[in-house]
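Report on the following structure.
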Amino acid sequence: MAGQREASEQPSCRWAREGTMSISAMTDYKPQQLDKKWQQQWTSSNAFEVEVDAKRPKYYTLEMFAYPSGHAHVGHVRNYIIGDIMARMKRMRGFNVLHPFGWDAFGLPAENAAIKTGTHPETSTLDNIAHMKGQLQRLGLSYAWQREIATCLPEYYKFNQWIFLKMFERGLAYRKRSTVNWCPSCQTVLANEQVIEGGVCWRCGTVVVSRDLEQWFFRITAYADELLKGLDTLTEWPEKVVVMQRNWIGRSEGARIRFPVAKSNEAVRGAGAPGMDVRGAGAPGMDIEIFTTRIDTIYGATFVLLSPEHPLVDRFASESPDPQAFKDRVAKFRALDREARLTGAIEKEGFDTGRKALNPFTGEEVPIWIANFVLAEYGTGAIMAVPAHDERDFEFARKYNLPIRIVVQSDETPEIQTAERGEGVPAKQDRGAGAPGVMNAATTNYGRMVNSGPWNGKEAPAVIAEMIADAEKRGIGTGEVQYRLKDWGISRQRYWGTPIPVIHCEKDGVVPVPYKDLPVELPKVTTFTGRGDSPLAQVADWVNVKCPKCGGPARRETDTMDTFVDSSWYFLRFADPHNKEMPFNPAASAYWLPVDFYSGGVEHAILHLLYSRFFTRVLRDVGLVNFDEPFKRLLTQGMVLKNGDVMSKSKGNVVDPDDMLQKYGADALRLYVMFVAPPEKEVEWTDTGLEGSFRFLLRVWRIVDHWAETIGGEGVPACGDDCTDAERKLRRKTHDTIRRVTVDIEERMHLNTAVSALMELVNAIYDFSEGTAHGIPARGEPPVGRIERTQTIAVLREAMDALVVMLSPFAPHTAEELWHLLGHPEGLMKAQWPTFDPAVAKAEEVVVPVQINGKVRARVTARVDASEDELRELALADATVKGHTAGKTIRKVVVAKGPLVSVVVQ
RNA sequence: GCGGAAGUGGCGGAACGGCAGACGCGCUAGCCUCAGGAGCUAGUUGGAGCAAUCCAGUGGGGGUUCAAAUCCCCCCUUCCGCACCA
C-alpha cells in the first residue's frame, strides 16, 4: 500500500492518473485483532449491563434462548445477530436497552447422551454452555451477561416449582390419567421423539405400546377464550403466527344435545312422536351427549356415532349378545387409532352396537354405531351423523348403506331440490347412498331447511340460535363452545428436568411441598440406564420423605416437568434474574416488560409462544405482572440452509461460525447474514457472499482510514448554501441514507436493504473522493490551501461519521475502530444515531420520467418545486416526446406526484 | 381437504399504484501489482441496431387504472402449518 502511494508522484494530480485508484489505507484491516480488542474493552467496561432507570425509556430486545447442544451454527447465530442489531441501534437512539441471554438447559438430549456415554447431564450441559457462550462472545453480541440464566440451576427451577404451586392452589394444575408411549422391553416411558419409524423404541426397536398413567396437567383451557381474544391485540406479530395460534385454539360455537338411549331390545319410551318431551325418556344414565356446530341439520341425523373410547362403549359391549366379539372389535379400533396418529389417514370403519338412540328433534329412533374416526378427546366423544351434509358422515353412510336424508337446500346442490322437493321423508324411505339423481357428495353449505318439521323454510345460520334456545327450553341440550386446544400435560418420566414439587402421602393424598422447602433439588443420579420407571423413582433416600402435613411416611412425585415450562416465563426472569425469594420483582417486570422485540424460529410459533402467553396471564392473576401479552413485536427468522438443507450434524452440512470468524472476522459474518435476505426468509449459505461482505468492510476501511487524519478531530458544521453541487449531492445521499437505514432497521426490519443503503453511501463517498475531494490532502501529505476545502471536509466528515455509526450495529468491531480513527475518543457507546434532515435530503432538481401511453419514453429535468403546468409543458416540449406525439391527438396529460408526467395520445 | 406465504436476470434479492432488476454475488473484457481473501475501469434481462433508439418482459389468463411486480377475479407451481376438531 505504501508502494502505491509512492507511485503517485504529485498529490495534486493523483486522482487524474488513468486506470489507477489511489484510495488506500495506511493501516491493514485485521478484523481478528479488532474483534479481540473491542470485545475485551466491552467486557471490562460492562458496556451492556443495565439497570432500571425510570428517567429513560426502556427497550427490551430478546432472542429465544438456546438449547445448549454444544455448538451454535450459523443458523442459530443469525437470530442472535438480528437481535443484536436492534439492541445496538436502540442504544444509540437513546433507549435503556435490556438485551440478555440464557440457556434452555434441561431436556432429553442430555439425558439420552448420558444413557449412551455415561456423562452426567449436568456435566455435559454446563460444558456445552461454556463452549457456546464463548462462540457467542466471539461474535461480539452485546448481551448483558450478568443476567445470564440457565434453567437447570436450582436458583432458576426453584421458581418453576413456585409457579407450579401457585397453579396448584388455583386449580390450574391437576392430575388425571393420560396415555403415554411405553417400551415393554426397556420398561420405560418414551417421549414422542423417542418413538421412531414404525412405532418402535429408539433404543431397542421393540414395538411401543400405550399405557395410562396419572399425570399432571396445566389447565390452559381455562384461558382459551382470553388467549384467543388477545391475538387481536398482537398487531406486530406475523399474521401467519396469529393464524396458527387461532387454529390451534380452534374455538367453535355449537350445541351439546342429549340423545336418550333405548334399553337393550326395547324401544325408547314414546319414540316416534316428533317434538315430544324426551326428558328421561331413555334408559337410566344412558344419554348420549353429542356436540354439533350444525344443529340446523339435526333432522338429517340418521344415526349416532361414538368414539371407541366413549364411556358407554364398554357398557354396550357387556350388554351385547356376544360381549367378547364386541370388545375385540373395539380393541382393534382403539389400537388402530394410535397407529393412525403416526402414519396419517385411515379408512373410515365402524360397526353397529345394536342399540338405538332417540333423535330429540325428530323423535325417531336412530342406530348407534362405533366409528374409528370419531375423536374421544374432542367435544363429547360422540356425534350425530348427518350424512347429507357432512362429508365424513356421507362417506360412512355410503359405506355401510345407512340412510341419507337431505334437510338443507342450498345453491350448491340444485338437483336436491328436484329430488327431494316435498315434505318430510320417513327414514325407511330415505334413498340409499348413491341412489341415482340424489346425491354424489355431501353438501355442507348453509341454506333453507327442508324435511325439518316445524323449522321448514327457515334459513341457517340464523336459525341456529333459535334451535339452541328451543333445545334449552325443552331441557334437551344447551349452547356450548368447544376448543380444539387441550390442557397441557406437563409430566415427564425423566431425570433431567424440574422435579414436580408434590408429595404423595398415603393418608393425605397429594400434598404440595411448602414454599419454604423449595427448591426441591434434583438428587445426584450417577448411572443412567434408560430402563425402568422414572429415574428419580430409583433414588430411595430422595423419594422417601415425611408428609409435610401429617409427618407420616410419604413419597415424592418422581416425574419432572416438561421443559416448555422453563421457557414459558424465562423472559420475565431476565428482569430480575438473581432474586432468591420470588421469580422476579414485580417492579422490575413493570419497568422492563413486555418484551419489545422478540425473535426466534417459527417452529415455536405455537407451543412456546402460546404457553408463554398463558403463563403471563396466570402470573398476572397471581399479581406479578401488570400486562397480558408478553411479546409486543415478534419476528420469526428464516433458517440458514446449506446445499438446500437445514444444517445438522447428521447431514454434515454445518457451517461453524468459528471457522468464519477465523477467516473473515465477526463483522463480515454478521454483515453477510443480514445482507443476504430479509430476516424472516430462509437463506442459502454461500462462502462467496461472505467474501463479498468482507470486501465491503475492506472498502469502508480503506476510505475512512485514508481520510481519517485529514478530516478527523474537531469538525466544522456541514455547508449550507455555499456548497458545490458535488458536496450537496453527497450530503443528500448521506441524509437519504440516514432516513433509509433508520426506517429499515427500526420499522421495517429489512436489514438487507439497510445494508444496501450503506453500500450505496460508501459508493457515493468513493465517487466524491475521486471526483471532488482532490483538493483535500490525503493523510501525511501537505495541505493545499483552498477555501472550499473546509466545506469539503465538513461534508465528507458528516458522511463518514454517519456511515460509521450506522454501520456499527452490523459491524461493531470495525466501526468502533474507525470511530476512534475519526477522532471520537469516547467510543461508539456514547455515540448518537444520526438525525435525518429532510431539508438537506431534498434535491433542487429532479429527473422527471415522461410516459406515453404507459411507457416511459423520455426524461426531462425540472426544478424540484416546478408546478404541474411547468412540468406538463417541459414534458411536451421534449424532442423524444414530440416524436411520439407528432401527428396524434393528445387526449390527456396526467402529472403525478413523484413527479411523473403521463401522456395519453390518440 | 382446510389455512398461510411466495413465484421478478445466471444467483441472493430491490422496488409502502408512478423510471422493473437498487445493492451484492457470479461472469466477461481491460488495467494495476513481486505478490495478495486484493484493488480499479467498463459491461452484464432477452431480442434488433454502428448508434440514437425500438420491441418483448415480474408463473399463466382476464380485469380495474393515465399508469399494475404491486389492487381485483380465475388457473398453475412451490414451500410451510393443521390434518377426520363434528
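Computed from heavy atoms alone, side chains included, the values below leave out hydrogens, waters and symmetry copies. Keep in mind that this is a model prediction, so the values were computed, not measured.
- Rounded to whole Å, the distance from CD1 on A/Ile295 to C1' on B/A86 is 13 Å.
- When heavy atoms are screened at a 4.0 angstrom cut-off, A/Ile290 is found touching no nucleic acid atom at all.
- Annotation: B/G47 and B/U65 have their C1' atoms spaced 29 Å apart (nearest Å).
- Computed from coordinates, the A/Leu485 CG to B/C82 P distance equals 14 Å when rounded to whole Å.
- Within the nucleic acid shown, A/Arg256 has no heavy atom closer than 4.0 Å to any nucleic acid atom.
- Within the nucleic acid shown, A/Glu395 has no heavy atom closer than 4.0 Å to any nucleic acid atom.
- Across B/A56, B/A83, B/A86, the shortest atom-to-atom separation from the side chain of A/Thr293 is found for B/A86.
- Heavy atoms of A/Asn853 sit nowhere under 4.0 angstrom from any nucleic acid atom.
- Across B/U45 and B/C23, the matching P atoms stand 12 Å from one another, rounded to whole Å.
- Of the possible polar contacts, one joining the A/Thr302 side chain to the A/Pro403 backbone as a donor-acceptor pair under 3.5 Å is found.
- Picking from B/G18, B/A14, B/G13 the nucleotide with the shortest atom distance to the side chain of A/Ala677 gives B/G13.
- Atoms CD (A/Glu760) and P (B/G24) sit 8 Å apart, rounded to a whole Å.
- Of the charged side-chain nitrogens involved, none lies within less than 4.0 Å of a carboxylate oxygen, so that A/Asp736 and A/Lys733 do not count as a salt-bridged pair.
- Checked for salt-bridge contact, A/Asp687 and A/Lys642 miss the test: no charged N lies under 4.0 Å from a carboxylate O.
- With hydrogens and angles left out, the side chain of A/Lys348 and the base of B/C84 share a donor-acceptor pair within 3.5 Å.
- At a cut-off of 3.5 angstrom, the base of B/A86 holds no donor-acceptor pair with the side chain of A/Thr292.
- A/Arg246 has no side-chain polar atom (N or O) that falls below the 4.0 Å cut-off from OP1 or OP2 of B/G4.
- Counting only heavy atoms from C-beta on, A/Phe675 has its side chain closest to B/G24 among B/G24, B/A86, B/A15.
- Remark: A/Arg695 is in phosphate contact with B/A38, judged by side-chain N or O atoms under 4.0 Å from OP1 or OP2.
- In the set B/A38, B/G12, B/C40, B/C40 carries the atom at the smallest distance from any side-chain atom of A/Arg702.
- Between the side chain of A/Lys399 and the backbone N or O of A/Lys348, at least one donor-acceptor pair lies under 3.5 Å.
- With A/Arg670 contributing its side chain and A/Pro809 its backbone, the two residues share a donor-acceptor pair below 3.5 Å.
- OP1 or OP2 of B/A86 has not a single side-chain nitrogen or oxygen of A/His389 nearer than 4.0 Å.
- For the 3.5 Å distance criterion, the side chains of A/Tyr483 and A/Asp225 qualify, holding a donor opposite an acceptor.
- For A/Asn752 and B/G24, the shortest distance from a side-chain N or O to OP1 or OP2 is not below 4.0 Å.
- Base orientation of B/G9: syn, since the glycosidic angle falls within 90° of 0.
- At the heavy-atom level, A/Arg748 lies under 4.0 Å from the strands shown only through sugar-phosphate atoms.
- Note on A/Ser693: nothing from the nucleic acid sits closer than 4.0 angstrom, heavy atoms only.
- For the C1' atom pair drawn from B/G7 and B/U28, the interatomic distance equals 30 Å after rounding to whole Å.
- Of the candidate nucleotides B/G3, B/C54, B/C40, B/C54 has the atom lying nearest to any side-chain atom of A/Arg857.
- Comparing B/C16 with B/A69, their C1' atoms sit 14 Å apart, to the nearest whole Å.
- Between A/Met384 and A/Pro849, the one whose closest nucleotide on RNA chain B sits nearer the 5' end is A/Pro849.
- When the nucleotides B/A83, B/G3, B/A22 are ranked by their closest atom to the side chain of A/Arg484, B/A83 comes out on top.
- Rounded to an integer number of Å, the gap from CE of A/Met759 to P of B/C25 is 7 Å.
- Side-chain atoms of A/Asp487 come within 3.5 Å of backbone N or O of A/Ile220 as a donor-acceptor pair.
- A donor and an acceptor atom sit less than 3.5 Å apart, one in the side chain of A/Gln851 and one in the base of B/G18.
- Between the CG atom of A/Leu375 and the C1' atom of B/C82 there is a distance of 13 Å, given to the nearest Å.
- Using atom P as the reference point in both B/G59 and B/G36, the two lie 43 Å apart (nearest Å).
- Comparing B/G13, B/G37, B/A86 against the side chain of A/Ser252 picks out B/A86 as the nearest.
- Spacing of C1' atoms, B/G10 relative to B/C2, comes out at 38 Å, to the nearest Å.
- Counting any heavy atom pair closer than 4.0 Å across all strands shown, A/Gly250 reaches no nucleic acid atom.
- Of the candidate nucleotides B/G13, B/C25, B/C66, B/C25 has the atom nearest to the side chain of A/Thr688.
- Across all strands, A/Pro238 comes closer than 4.0 Å to no nucleic acid atom at all (heavy-atom distances).
- In this structure, B/C54 and B/G47 make a Watson-Crick or G-U wobble pair, each of the two defining distances being under 3.5 angstrom.
- For A/Tyr378 and A/Ser307, the side-chain atoms include no donor-acceptor pair closer than 3.5 Å.
- Note: A/His604 and A/His608 have perpendicular aromatic rings, judged against thresholds of 30 and 60 degrees for the angle between ring planes.
- Nearest-nucleotide positions on RNA chain B for A/Pro899 and A/Gly692 put A/Pro899 closer to the 5' end.
- In this structure, A/Lys663 reaches the bases: a heavy-atom distance under 4.0 Å links it to at least one base atom across the strands shown.
- The A/Val676 side chain lies nearest to B/G12 when the options are B/G12, B/G37, B/C82.
- On the P atoms, B/C55 is 13 Å away from B/A20, given to the nearest whole Å.
- In this structure, A/Met244 atom CE and B/C79 atom C1' are separated by 13 Å, rounded to whole Å.
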* To do: Would you please test A/Thr444 and A/His389 for side-chain hydrogen bond (donor to acceptor under 3.5 Å, both in side chains) and show each step?
  => CA-CA 5 Å; A/Thr444 55; A/His389 306 295; over 6 Å; no
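- Dashed line: the shortest gap from a side-chain N or O of A/Lys855 to OP1 or OP2 of B/A56 is under 4.0 Å.
- Remark: C1' of B/G18 and CG of A/Leu900 are 5 Å apart, rounded to the nearest angstrom.
- Using atom P as the reference point in both B/C27 and B/G37, the two lie 16 Å apart (nearest Å).
- For A/Val856, taking side-chain heavy atoms from C-beta onward, the closest of the listed nucleotides B/A20, B/C23, B/A38 is B/A20.
- Atoms CG (A/Asn763) and P (B/C23) sit 7 Å apart, rounded to a whole Å.
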